[in-house]
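Following: one structure in structure tokens, then a few remarks.
FYI, side chains are in, hydrogens and waters are out, and symmetry mates aren't considered; it's all heavy atoms of this structure.
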Amino acid sequence: MTDHGMDNGLTNYGDKDFARFLRRSFARSMGLSRAMLAKPIVGIAMTPSGFNNCHRYMPDLVEAVSRGVLAAGALPRPFPTVSLGEVFLNPTSMMYRNLMAMDTEEMISAQPMDAVVLIGGCDKTVPAQLMGAASANLPAIQLVTGPMMTGRHKGQRLGACTDCRGFWAKYRAGSIDKDEINTVEGRLSVTAGTCAVMGTASTMACIAETLGMSLPGTAAIPAVHADRLVAAEETGKAAVRLIGTKISPRDIITQKSVENAFRVLQAVGGSTNAVVHLAAISGRLGIKIPFSRFNELSDETPVLVDLKPVGEGYMEDFHAAGGMGALLRELKPLLHLDTIDVEGRTLGERLEEPLDWVNPAVIRPFNDPVSRDGGLVALTGNLAPDGAIFKRAAATPALFESEGRAVVFTGLEDLSNRIDDPDLDVRPDDVLVLQNAGPHAAGMPEAGYLPIPKKLAKAGVKDMVRISDARMSGTAFGSIVLHIAPEAAVGGPLAAVRNGDRIRLSITKKQINLLVDDTEIRRRLADHRPPPAPARGYKSLYRRTVLQAPEGCDFDFLTQGADR
Ligand code: FES
């Protein structure tokens with residue numbers, strides 16, 4: 001009989017019986033009876049942190065999951081991992097997603113458990129947990145913390161963080177004053193939970209449910225809703241059932257379920273960041289969706305969910321309107337229905353169940369979409385030979401086919417030093433270019449949402465074409481080309497752009513091109529040298545091993561082929 005529960009993976013002293021005796025003895029010091037220690041164990045990867053507002057209700061969720069595990073006859077064992085609060089990390093949370101994924105994978109594998117519940121929410125935590133679980137390949141189930149509720153300001157609903165950006169743009173343009181922006185500061189993030197719009201956290205919650213890694217109907221329940229605790233209790237029970245079925249992430253995360261997830265990403269008008277995270281999660285299992293297929297999915301899948309930043313509503317509206325169940329039913333003809341979820345049920349079986357009620361103003365019918373094309377499109381061209389991403393659903397259609405003069409910033413510091421310089425030579429039809437903000441150079445921060453130069457913002461300019469090798473927050477909007485690969489720091493053509501060059505964007509052709517002769521581009525890149533790697537520590541590991549955006553910015557030694 002194979003070991004289970006507390007006897008899983010005994011510490012190696014060269015005497016197995018002694019290892020078992022010692023472990024049980026120490027476990028007894030936690031007040032656990034022999035009867036409890038004989039039960040199967042569900043680990044609970046918990047991520048509370050004084051630097052993570054989105055996870056403020058984590059203790060309540062851990063308690064509710066534990067209740068479900070106990071009720072189903074197993075022993076819950078919560079354990080901490082790295083927690084990543086999006087806005088509290090320097091230089092960028094993205095740099096630490098892989099650290100959290102490694103922590104999650106190793107703690108699942110090293111500690112004695114038969115299944116694991118992963119509780120995350122804020123942007124990088126859910127992808128990190130799914131990456132770690134995919135590699136550890138123990139039966140696993142994802143629970144998200146759920147979205148925030150909205151606040152109010154002068155009768156207007158506010159939600160982090162699309163409205164943060166809207167109000168900050170008004171403040172920069174001088175249309176609201178310091179007192180008002182200070183008041184708004186206290187009205188944007190008013191409850192526990194993740195950002196209230198279809199940003200990265202909400203997108204990843206929808207993706208986790210579509211993949212089949214979380215219980216049906218749980219992605220959009222608000223963080224403070226009683227149903228969130230019920231979902232946590234049910235997740236605990238489901239984790240115990242997983243011990244019996246032994247369904248593992250590799251059974252659930254497949255080429256087909258990843259394609260379904262990309263469809264949902266398009267239909268919710270979701271975050272560009274999810275493209276990177278899904279590539280990293282699926283890359284752990286050797287699954288790759290090429291950009292050509294990504295664009296097919298985009299062209300076939302309409303945007304159906306009317307939430308900010310693409311539309312008007314907030315996650316609380318999505319939940320009340322029918323949530324993921326309603327959306328998946330609208331998408332049913334496009335989905336692979338033979339994928340399975342953590343309960344072993346096929347998507348087709350799930351979608352046969354009757355639906356409660358749907359608000360078509362928030363979750364639009366397939367034949368009356370928010371937009372006929374999917375939210376995101378992949379670009380290629382001589383500026384992005386390995387690809388780039390453009391969120392057409394949150395951009396200005398008048399800029400989809402445009403050509404302009406490059407105004408180049410060579411890095412983040414150069415950008416912050418000069419963007420508001422009154423003498424900056426910039427016009428509304430220029431293309432703002434940010435170099436050296438990719439994974440290798442800077443950990444790929446959310447700097448791709450370059451601010452409109454103050455003098456243009458004050459003159460009423462609301463959008464311009466902006467291009468970079470950086471990312472952008474899922475809550476942001478604008479005509480912005482992101483994730484250009486290869487990045488400038490490793491000698492990608494983006495590094496060759498100079499002030500005054502012409503750049504052409506064509507969303508119809510899915511191209512971003514530098515209108516400079518190939519020979520001249522090569523000449524400019526001939527002397528390019530990557531920046532030196534930091535000498536020690538995690539940042540050194542990161543710089544030496546991080547892959548480009550199309551590979552999900554994972555570490556080269558963590559992708560498939562580096563099996564445990
Ligand atoms: Fe955590 Fe937005 S800051 S989800």
Side-chain angles (χ1 to χ4, degrees), residues 45 81-82 84 89 91-109 118 120 123-137 140 142 200 203-204 207-208 211 213 249-250 252-255 257-258 261-262 265 271-291 294 378 386-389 437-446 469-471 482-487 489-490 492 530 533 537-564:
T81 70
V82 167
L84 304 175
L89 289 152
T92 165
S93 63
M94 186 62 185
M95 187 172 272
Y96 301 102
R97 183 204 62 182
N98 295 352
L99 181 67
M100 183 174 173
M102 290 171 73
D103 182 1
T104 304
E105 175 186 345
E106 295 302 329
M107 289 303 100
I108 292 172
S109 302
L118 311 155
D123 290 17
K124 305 302 177 295
T125 61
V126 170
Q129 290 183 324
L130 290 175
M131 290 161 71
S135 293
N137 207 34
Q142 181 83 56
T200 305
T203 306
M204 290 310 301
I207 280 175
L211 286 171
M213 286 298 296
R250 285 176 198 209
I252 297 168
I253 304 171
T254 62
Q255 187 92 16
S257 68
V258 172
F262 272 119
L265 168 61
S271 166
T272 47
N273 289 321
V275 182
V276 179
H277 297 322
L278 253 179
I281 294 162
S282 54
R284 292 295 180 101
L285 303 174
I287 299 165
K288 185 158 177 64
I289 307 291
F291 279 145
F294 178 87
D386 293 342
I389 295 293
H440 194 82
M444 210 178 180
E446 291 186 338
D469 44 15
R471 296 176 303 115
L482 301 154
H483 310 181
I484 285 181
E487 64 175 297
V490 299
Y538 176 74
K539 286 182 181 159
S540 170
L541 174 73
Y542 187 93
R543 180 73 72 77
R544 285 183 284 110
T545 62
V546 72
L547 297 168
Q548 293 289 291
E551 284 87 43
C553 301
D554 203 355
F555 289 155
D556 57 10
F557 61 93
L558 293 175
T559 55
Q560 200 242 4
D563 269 355
R564 296 189 70 83

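- The CG atom of Asp469 lies 7.5 Å from the CE atom of Met444; values are rounded to the nearest 0.5 Å.
- Summarising the geometry of Phe291 relative to Gly387, their closest heavy-atom pair is CE1-CA, 3.8 Å, with the distance given to 0.1 Å.
- Between the side chain of Glu487 and the main chain of Gly492, no donor-acceptor pair closer than 3.5 Å is present.
- Legend: residues meeting side chain to side chain contact (heavy atoms under 4.5 Å, CB included) with Ser540, ordered by chain and number and at least two apart, are Arg544.
- At least one side-chain heavy atom of Phe557 sits under 4.5 Å from a side-chain heavy atom of Leu541.
- Looking at Ser109, its side chain never comes within 3.5 Å of a backbone N or O of Glu106 through a donor-acceptor pair.
- Between Ala45 and Gln129, the closest heavy-atom pair is O-NE2, 3.8 Å.
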**Request:** Verify side chain to side chain donor-acceptor pair (under 3.5 Å) between Thr203 and Ser271, making sure each step is shown before the conclusion.
**Result:** CA-CA 6 Å; Thr203 306; Ser271 166; 5.0 Å; no
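- Residues His277 and Leu130 form no side-chain contact, since every pair of their non-hydrogen atoms from C-beta on lies 4.5 Å or further apart.
- For Ser93, the side-chain hydrogen bond (donor to acceptor under 3.5 Å, both in side chains) partners are Glu86, Lys124, not counting sequence neighbours.
- Looking at heavy atoms from C-beta onward, Lys539 lies in side-chain contact with Met95 at the 4.5 angstrom threshold.
- Using a 4.5 Å heavy-atom threshold, the side chains of Ile281 and Met213 count as separate.
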**Prompt:** Between Glu446 and Asn273, is a side chain to side chain donor-acceptor pair (under 3.5 Å) present by the stated rule, with each step listed?
**Reply:** CA-CA 9 Å; Glu446 291 186 338; Asn273 289 321; 3.0 Å; yes
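- When all heavy atoms of Ile108 and Ala136 are compared, the closest pair comes out as CG2-CB, 3.8 Å.
- A distance of 7.0 Å separates OG of Ser135 from CG of Leu285, quoted to the nearest 0.5 Å.
- Counting heavy atoms from C-beta outward, Met100 and Thr81 have side chains that approach closer than 4.5 Å.
- In this structure, the side chains of Val82 and Tyr96 stay at 4.5 Å or more apart for every pair of heavy atoms.
- Side chain of Glu551 to main chain of Ala280: no donor-acceptor pair is present (N/O by atom type, distance under 3.5 Å, no hydrogens or angles).
- The shortest non-hydrogen separation linking Ser257 to Ile252 is OG-O, 2.8 Å.
- Across all their heavy atoms, Ala133 and Ala140 have their closest contact at CB-CB, 4.0 Å.
- The closest side-chain heavy-atom distance from Arg97 to Met131 is below 4.5 Å.
- For the pair Pro445/Met94, no side-chain contact is recorded, criterion being any heavy-atom separation below 4.5 Å from C-beta on.
- A donor-acceptor pair under 3.5 Å is formed between the side chain of Arg543 and the backbone N or O of His440.
- Note that the CD atom of Gln142 and the OG1 atom of Thr125 stand 7.5 Å from one another [nearest 0.5 Å].
- Taking the six-membered ring where the residue is Trp, the centroids of Tyr542 and Phe555 are separated by under 6.0 Å.
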**Request:** Test Leu99 against Asp103 for side-chain contact (heavy atoms from CB on, under 4.5 Å), laying out the working first.
**Result:** CA-CA 6 Å; Leu99 181 67; Asp103 182 1; 5.7 Å; no
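- Here the straight-line distance linking atom CG of Asp554 with atom CG of Asn98 works out to 5.0 Å at 0.5 Å rounding.
- For the residue pair Val126 and Ala208, the shortest heavy atom distance occurs at CG1-CB, 4.4 Å.
- Note that CD1 of Ile289 is 6.0 Å distant from CZ of Phe262, once rounded to the nearest 0.5 Å.
- Annotation: the span from Ser282 atom OG to Leu211 atom CG amounts to 9.0 Å, rounded to 0.5 Å.
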**Request:** Might you work through the side-chain contact (heavy atoms from CB on, under 4.5 Å) test for Phe294 and Val275, ending with a clear yes or no?
**Result:** CA-CA 9 Å; Phe294 178 87; Val275 182; 4.0 Å; yes
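- Counting only distance, with no hydrogens or angles, the side chain of Asp123 and the backbone of Thr200 share no donor-acceptor pair below 3.5 Å.
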